[in-house]
Protein chains: 2
Amino acid sequence: MGWPIGKASELSGVGIETIRYYEREGITPQPDRTAGGRRDYDSGTVAKLRFVKRCRELGFSIAAIKTLLKLSHSDDATCEEAGKIGQQNRVLVREKIADLKRMERALDELVASCRKGRTDCPMLQKLFAD
Amino acid sequence: MGWPIGKASELSGVGIETIRYYEREGITPQPDRTAGGRRDYDSGTVAKLRFVKRCRELGFSIAAIKTLLKLSHSDDATCEEAGKIGQQNRVLVREKIADLKRMERALDELVASCRKGRTDCPMLQKLFAD
DNA sequence: ATAACACCTGTAGTAACTACAGGAGCAAAC
DNA sequence: GTTTGCTCCTGTAGTTACTACAGGTGTTAT
């Protein structure tokens, strides 16, 4: 007897509905069931849930996490491969940062001249310009 | 006779399927139709499409863009309100940047020690740790 | 025994598109 | 005048990673 889904959720930080979603999607393994048909989690599956949670917080896609989980349970040297996936993700993260910084700078400029009581709006005008 | 959807797409930079989506969603107005039932765009609607495109590039949500479009066609002084929406969006953009920077720093550290030929992987170990 | 709660399955909704399938209009070449 | 090839039409389904029910069952505490 391990833990029911509510406890697994608490221990891993993954929401109950999300745990069932990960199971449906084949990201985490199907846990045992109790006589009454309820999910019964062992520490290994809880660890995998925690792993998925941390990976998501680092911006990894579900597809990448599936690969990382497979790698982490294979015998061959997988450090290089795992590192590559981490680096690829970092590239994506950096691209997103660059995009958002561009947005921030553009917004700074657009918002700067908006003021109470103006009848024209320079921001809207610039966005509408040819 | 204005332009067909393909030309409107070219002029505005919005993809054809996306133009039809914006119309369905009530973001942009329904254009006139030719005798044959094809969409016939005028310069005003093309301008709105370009506006939506620019707003999306600045990170505005579709809901926010709907409001901005309404504001831009109202008579009362809307500069303050528009500016507020811009500022709110900038806050969201900054939050996203902060999140992504946290991810980037964490990834830097995790990826750093990954190397070819290692049988253990410090990255995977850290992600799996209790 | 009953009330309250945790859990079950299955389905639908979210944001903002994107990608078909299957059909019809239209312009130019032959 | 018809055939080729292109653009366009509607309607529906898929994408990502969840989240939120509805309607029902198991378990625990009083």
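Nothing here was measured: the structure is a model prediction, and the numbers come from that model. Residue numbering restarts at 1 for every chain, and letters A, B, ... go by the order of the sequence lines. Side chains included, hydrogens not; waters and symmetry mates left out as well; all remaining heavy atoms used.
Along DNA chain D, the nucleotide nearest Glu17(A) and the nucleotide nearest Thr34(A) are compared for position; the residue whose nucleotide lies closer to the 5' end is Glu17(A). If Ile5(A) and Ile62(B) are placed on DNA chain C by their nearest nucleotide, the residue sitting closer to the 5' end is Ile5(A).
Within the 4.0 Å cut-off from OP1 or OP2 of dT10(D), at least one side-chain nitrogen or oxygen of Arg39(B) is found. The side chain of Arg33(B) contributes an N or O atom lying less than 4.0 Å from OP1 or OP2 of dT10(D).
Surrounding NZ of Lys84(A) are at most 12 heavy atoms belonging to other residues, nucleotides or ligands under 6.0 Å away.
Within 4.0 Å (heavy atoms only), Tyr22(A) reaches sugar-phosphate atoms of the nucleic acid but no base atom. Contact annotation for Arg20(B): base contact, defined as any heavy-atom pair under 4.0 Å involving a base atom.
Closest approach of Trp3(A) to Asp42(A), counting heavy atoms only: CZ3-C, 3.7 Å.
In this structure, the CZ atom of Arg38(B) is 14 Å from the P atom of dC6(D), given to the nearest Å. Here dC8(C) presents its C1' atom at 11 Å from CD of Glu23(A), a figure rounded to the nearest Å. Between Asp40(A) atom CG and dC8(C) atom C1' there is a gap of 15 Å when expressed in whole angstrom units. The distance from atom CD of Glu25(B) to atom P of dT14(C) is 10 Å, rounded to the nearest whole Å.
Listed nucleotides dC18(D), dC26(C), dT18(C) differ in distance to Tyr21(B); the shortest reach to its side chain belongs to dT18(C). Residue Ser61(A) places its side chain closer to dA17(D) than to any other of dC7(C), dC8(D), dA17(D). Side chain of Arg24(B), nearest nucleotide from dT18(C), dC7(C), dA24(C): dT18(C).
The side-chain hydrogen bond (donor to acceptor under 3.5 Å, both in side chains) test with Asp99(A) singles out one residue from Lys96(A), Lys101(A), Arg102(A), and that residue is Arg102(A).
Between the Thr78(B) side chain and the Ala82(B) main chain, no donor and acceptor come within less than 3.5 Å of each other.
Relative orientation of the Phe51(B) and Phe128(A) rings is parallel, given thresholds of 30° and 60° on the angle between their planes.
For Arg56(A) against dA17(D), a side-chain-to-base donor-acceptor contact under 3.5 Å is absent.
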